[in-house]
Protein chains: 2
Amino acid sequence: MNGAESLLRTLVASGIEVCFANPGTSEMHFVSALDRIEGIRPVLTLFEGVATGAADGYARMAEKPAATLLHLGPGLANGLANLHNARKAQTPMVNIIGDHATTHQRFETPLTSNVAALAQPVSHWVATCRGPKTVAADAARAVQAARVAPGQIASLILPADTAWQPAERAASPLPVMGPAPVSDQAITQARDALLLGNAALLLRGTALRGRGLRAAGRIAAATGARLLCDTFTPRIERGAGRVHVERLPYRPAPTMACLQGTRTLILVGTQAPVAFFAYPDQPSALTPPDCDVLVFSHPHEDAAEGLEQLAEAIGAGDYAPISPCKPPELPIEGGLDPESVMRIIGHYLPEDAIISDESLTSGFLPYPLLDTALPHDHLHLAGGAIGDGLPVAVGAAIACPGRKVIALQADGSAMYTLQSLWTQAREQLDITTIIYANRAYKVLFEELHSVGAAKAGPHAFSLFDLHDPTLNWVKLAEGMGVEARRVEDTRNLTSALRSAITGRGPRLIEVVL
Amino acid sequence: MNGAESLLRTLVASGIEVCFANPGTSEMHFVSALDRIEGIRPVLTLFEGVATGAADGYARMAEKPAATLLHLGPGLANGLANLHNARKAQTPMVNIIGDHATTHQRFETPLTSNVAALAQPVSHWVATCRGPKTVAADAARAVQAARVAPGQIASLILPADTAWQPAERAASPLPVMGPAPVSDQAITQARDALLLGNAALLLRGTALRGRGLRAAGRIAAATGARLLCDTFTPRIERGAGRVHVERLPYRPAPTMACLQGTRTLILVGTQAPVAFFAYPDQPSALTPPDCDVLVFSHPHEDAAEGLEQLAEAIGAGDYAPISPCKPPELPIEGGLDPESVMRIIGHYLPEDAIISDESLTSGFLPYPLLDTALPHDHLHLAGGAIGDGLPVAVGAAIACPGRKVIALQADGSAMYTLQSLWTQAREQLDITTIIYANRAYKVLFEELHSVGAAKAGPHAFSLFDLHDPTLNWVKLAEGMGVEARRVEDTRNLTSALRSAITGRGPRLIEVVL
């Protein structure tokens with residue numbers, strides 16, 4: 001057994017089942033071990049940003065970490081933006097980053113870099129294997145670190161010789177540090193605040209699904225409290241039969257307006273609302289001055305269990321108001337806009353679908369249309385680094401092979417990790433990608449105004465507009481093996497979407513707005 | 001005048017003419033200022049790896065830095081791999097990285113990150129603007145830092161409020177620290193070593209072009225010394241009328257064989273050869289044990305001037321042996337392999353072409369065929385982080401609008417930064433891209449063997465092979481507005497290449513191997 005084999009056996013024993021990879025020479029022994037040790041499915045991505053984003057999507061749905069396999073500092077660097085997103089989503093992940101052999105590191109070579117320094121800003125835990133015999137223990141610790149509640153980024157650097165030299169054994173899984181209980185004091189304080197009235201619960205994490213969400217609904221029914229969630233939340237269960245949660249708006253002014261009149265804002269696994277960006281003469285913190293903020297649970301605490309206890313503490317009944325099953329009606333026939341697109345999607349959305357949402361400006365307003373669609377999971381870009389929508393869809397599809405994944409994807413952001421489409425085709429993933437082709441970084445036209453800069457002149461225009469030349473998403477998708485169609489009206493979107501949803505496998509629909 | 005305007009005026013005054021950009025909200029005031037202040041051409045890229053790679057290619061040809069404009073930590077992160085490459089190529093570059101307003105940084109937001117920590121591993125100089133009134137001075141220092149010989153990566157972090165608040169004035173350019181003279185002692189020692197015989201000069205930087213290269217040729221003619229260059233050298237002038245330099249092989253064993261019998265290896269702006277990767281039971285340092293190593297010049301020293309002095313010191317005549325003008329003959333008609341492709345390229349290569357070479361396995365063996373083609377510049381991937389070939393071509397084309405750029409590009413690596421093609425089309429750059437479509441990470445099949453791992457099983461095969469599905473480069477290029485053609489034989493490559501070379505503007509040729 002060599003170090004790579006001891007590593008792989010340890011990962012398998014610790015529950016890792018999938019590795020999103022783009023290896024190089026320094027990872028060859030890990031790759032070779034994949035053929036001798038069963039239990040890990042390697043998934044090739046043609047760019048590391050796809051690997052890290054897919055591992056994020058996988059873990060959000062599987063509720064356990066995937067591994068990534070990255071090639072030295074530059075391979076890691078290419079994956080950093082989606083590691084940033086995964087970190088903000090509190091996603092568990094184990095990165096295995098190859099490096100030069102320990103004997104080779106004192107030389108300056110083209111690929112020599114400080115891998116640990118690159119990993120640090122996005123990782124909760126970084127370690128470097130010091131020798132082949134400690135690789136297994138390091139790997140067990142990496143998985144343990146990743147699984148610390150609510151989820152952490154663990155990066156293990158594997159010098160090539162620690163992988164190829166002899167090792168002795170695999171390591172047993174280490175105990176997982178699950179969520180801590182919510183304190184009694186927090187429950188008492190939240191109960192008192194709820195009974196005062198005009199309270200709102202701002203929910204994140206496990207409070208947005210399953211029994212956590214149901215308990216929140218019971219509390220709302222019993223006290224009249226509002227249920228809110230962050231603008232960008234890693235995962236939320238929505239649709240018919242689920243408790244309805246209001247999404248906070250993206251911009252500062254409507255967020256403050258939304259919270260106006262709230263006496264207590266009760267934080268469940270999240271923080272008080274902050275503006276996404278600063279704007280001149282606008283506040284960053286968006287909680288109204290006369291609103292008290294109460295921390296009910298921290299992200300590492302068991303919000304679902306805590307909310308159930310809170311429901312008991314206030315004497316809530318079993319009743320929780322759930323959304324009716326009333327998918328949006330189809331739009332009037334004609335051209336497409338964000339609302340008509342969302343109506344068609346919501347109308348045909350299959351039960352248990354997973355939505356990977358990086359629709360950005362096209363998705364904000366029509367978002368509530370899915371409240372009464374068939375039940376589904378909705379995943380958002382949590383870290384603001386564009387280019388996670390398509391990779392997250394890849395990971396979600398691998399985590400949940402029986403469920404249809406719908407990627408709602410802005411065109412400018414899609415270009416960041418369009419290589420995802422190839423992995424969709426390679427793995428024949430059941431993903432329907434909707435490209436919102438507004439052919440602009442549309443948000444930036446709005447932001448130029450919001451920050452108080454002048455109207456866009458020709459230079460600014462050239463940096464926001466994507467018309468010259470127009471991206472042809474049908475060709476881009478077909479170029480990577482994904483069946484694709486361009487639609488410009490409701491009738492064609494309806495037929496393209498129905499065909500994609502009744503079929504299986506990857507499809508892309510370019511929606512011209 | 002606001003901070004952004006003072007920044008832009010300072011950059012213009014310091015000689016910056018181009019900015020490769022992908023801005024976001026935090027960079028809006030910089031963008032807006034581009035419309036009010038003349039002198040900087042903004043070039044939009046659809047992914048930051050294209051921006052940093054293009055700035056690298058630009059500076060290698062323009063011999064001065066371009067600026068990049070990047071959006072907070074994640075925008076920088078996406079550009080890091082090509083910043084790594086630029087650092088290894090000793091390229092001057094000024095990165096302007098937007099960040100949240102200073103008042104906003106204490107909040108946790110989706111895009112909050114440690115920008116300086118991400119910049120550090122790839123930068124020689126990092127600074128953060130502390131207020132609007134120091135932005136101009138910071139910018140002048142950034143350009144100065146970038147221009148320290150032989151070239152440095154300078155990263156200036158610009159919080160949004162330092163850009164939008166009032167500033168007073170632009171800053172004047174600061175003096176540039178040009179190359180230091182080569183020491184008299186080094187010249188004397190090199191002279192003595194050359195006169196002993198069996199010496200080789202290993203050249204990099206300015207020693208590989210213009211008067212540096214000519215002086216090296218005179219020295220070789222006078223002493224019989226061999227002229228060598230690194231396997232991957234940022235820029236070399238080659239072809240008819242230029243002094244011929246041997247390229248060191250990629251793999252360790254042939255490199256050691258190539259240096260066998262050398263009494264003294266004289267380093268001119270580079271280091272003694274080191275293996276690209278470590279292999280079990282193989283040395284990392286590749287200089288034969290009986291070969292002395294002599295440092296003639298460090299990278300920051302003036303190799304060109306030093307070589308001229310050395311030529312005088314040994315009493316070299318004016319004669320330098322130059323390559324004849326004898327472009328390679330066309331291959332026999334039939335299917336394509338790396339040699340026949342290179343023959344056709346070399347046969348039709350126009351005078352003063354610039355070759356951006358990321359052909360990797362397809363390019364090693366036939367490389368010498370271009371020795372006698374028309375004179376041209378040859379740019380290599382210097383940092384080993386795949387995905388710089390297409391962006392470097394973009395930057396070179398912008399630096400040298402009158403010259404034809406030919407990108408020799410491996411298919412797997414091309415996928416890393418394929419968004420480059422859109423900028424080629426947007427800017428109508430005169431670039432002909434040759435995709436070597438071997439549909440594999442071919443080098444990895446070889447490396448699996450080299451590192452002593454087992455033969456590729458199905459998992460390893462799935463991580464190296466790109467056949468399922470096959471990338472269609474014609475569709476990918478057309479999807480981004482670049483005219484493209486697929487060729488599978490010599491006749492069609494010849495006609496496609498002639499058409500691309502006689503025409504102007506971006507073309508892509510997918511060469512099926």
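So that the names make sense, note that chain A is the first sequence line, chain B the second, and so on, each numbered from 1. Everything quoted here is computed from the prediction, not taken from an experiment.
The most heavy-atom pairs under 4.5 Å with chain B, out of A/Ala278, A/Ala33, A/Pro121, A/Ala477, come from A/Ala278. Note: A/Pro42 leads A/Pro283, A/Ala21, A/Pro42, A/Ala81 in heavy-atom pairs under 4.5 Å with chain B. Residue with the most contacts toward chain B among A/Pro458, A/Ala101, A/Ala382: A/Pro458 (heavy-atom pairs, distance under 4.5 Å). Ranked by non-hydrogen atom pairs under 4.5 Å with chain B, the options A/Gly481, A/Gly75, A/Ser284 are led by A/Ser284. Contact tally against chain A (heavy-atom pairs below 4.5 Å) for B/Thr109, B/Asn2, B/Ile386: the top residue is B/Thr109. Ranking A/Leu72, A/Leu80, A/Leu466 against chain B, the residue ahead of the rest is A/Leu466, based on heavy-atom pairs under 4.5 Å. Taking chain A as the reference chain and counting heavy-atom pairs below 4.5 Å, the highest number among B/Trp473, B/Trp422, B/Phe461 is found for B/Trp422. Among the candidates B/Pro74, B/Ala456, B/Gly387, the residue making the largest number of heavy-atom pairs closer than 4.5 Å to chain A is B/Pro74. Your options are B/Ser32, B/Ser26, B/Pro280, and the one with the most heavy-atom pairs under 4.5 Å with chain A is B/Pro280. Of the listed residues A/Gly383, A/Ala385, A/Ala77, A/Ala89, the one with more heavy-atom pairs under 4.5 angstrom with chain B than any other is A/Gly383. Interface summary for chain A: among B/Pro23, B/Ala160, B/Gly412, the most heavy-atom pairs under 4.5 angstrom belong to B/Pro23.
Contact of A/Ala4 with chain B is not made at all, since no heavy-atom distance falls under 4.5 Å. Only the side chain of A/Trp164 comes within contact range of chain B, judged by heavy atoms closer than 4.5 Å. Both the backbone and the side chain of A/Ala275 come within contact range of chain B, each with at least one heavy atom under 4.5 Å from a heavy atom of that chain. With a threshold of 4.5 angstrom between heavy atoms, A/Ser450 does not approach chain B through any atom at all. For A/Arg41, no part lies near chain B; criterion is any non-hydrogen pair under 4.5 Å. Of the two parts of A/Phe30, neither the backbone nor the side chain holds a non-hydrogen atom closer than 4.5 Å to a non-hydrogen atom of chain B. Looking at A/Gln271, the atoms closer than 4.5 Å to chain B (heavy atoms on both sides) all sit in the side chain, from C-beta outward. Proximity to chain B (any heavy atom under 4.5 Å) is shown, for A/Thr231, by neither the backbone nor the side chain. Residue contact with chain B, scored on non-hydrogen atoms closer than 4.5 Å, involves the backbone and the side chain of A/Val451 alike. Contact annotation for A/Glu446: neither backbone nor side-chain heavy atoms come within less than 4.5 Å of a heavy atom of chain B. Residue contact with chain B, scored on non-hydrogen atoms closer than 4.5 Å, is absent for A/Asp161.
Here the side chains of B/Asn114 and A/Gln120 are not in contact, with every heavy-atom distance at 4.5 Å or above. Counting only heavy atoms from C-beta outward, the side chains of A/Lys475 and B/Val474 never approach each other to under 4.5 Å. The side-chain heavy atoms of A/Met28 and B/Leu444, taken from C-beta on, include a pair separated by under 4.5 Å. At a threshold of 4.5 Å between non-hydrogen side-chain atoms, the residues B/Tyr441 and A/Leu46 count as touching. For the pair B/His84/A/Leu111, a side-chain contact is recorded, criterion being any heavy-atom separation below 4.5 Å from C-beta on. At a threshold of 4.5 Å between non-hydrogen side-chain atoms, the residues B/Thr25 and A/Tyr279 count as touching.
Across all their heavy atoms, A/Leu463 and B/Val43 have their closest contact at CD2-C, 4.4 Å. Across A/Ile40 and B/His459, no two heavy atoms sit closer than the pair O-NE2, 3.8 Å. Heavy atoms only, all atoms of each residue included: B/Asp468 and A/Arg426 are closest at O-NE, 2.5 Å. Residues B/Asp35 and A/Ala460 approach most closely at OD2-N, 2.9 Å, considering heavy atoms. The two residues A/Glu48 and B/Tyr416 have their closest heavy-atom pair at OE2-OH, 2.8 Å. The shortest non-hydrogen separation linking A/Leu44 to B/Asp465 is CD2-O, 4.1 Å.
Heavy atoms from other residues, nucleotides or ligands lying under 6.0 Å from NE2 of B/His467 number more than 12. Residue-environment remark: CD (B/Gln428) exceeds the threshold of 12 foreign heavy atoms within 6.0 Å.
Between B/Phe276 and A/Phe107, the ring center distance fails the sub-6.0 Å criterion.
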Show your reasoning for whether side-chain contact (heavy atoms from CB on, under 4.5 Å) applies to A/Leu476 and B/Met480. CA-CA 8 Å; A/Leu476 292 174; B/Met480 287 180 273; 4.0 Å; yes
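The main-chain N or O of B/Gly24 is never found under 3.5 Å from a side-chain atom of A/Glu447 such that the two would form a donor-acceptor pair.
The aromatic rings of A/His71 and B/Phe277 lie tilted to each other, with the angle between the two planes from 30° to 60°.
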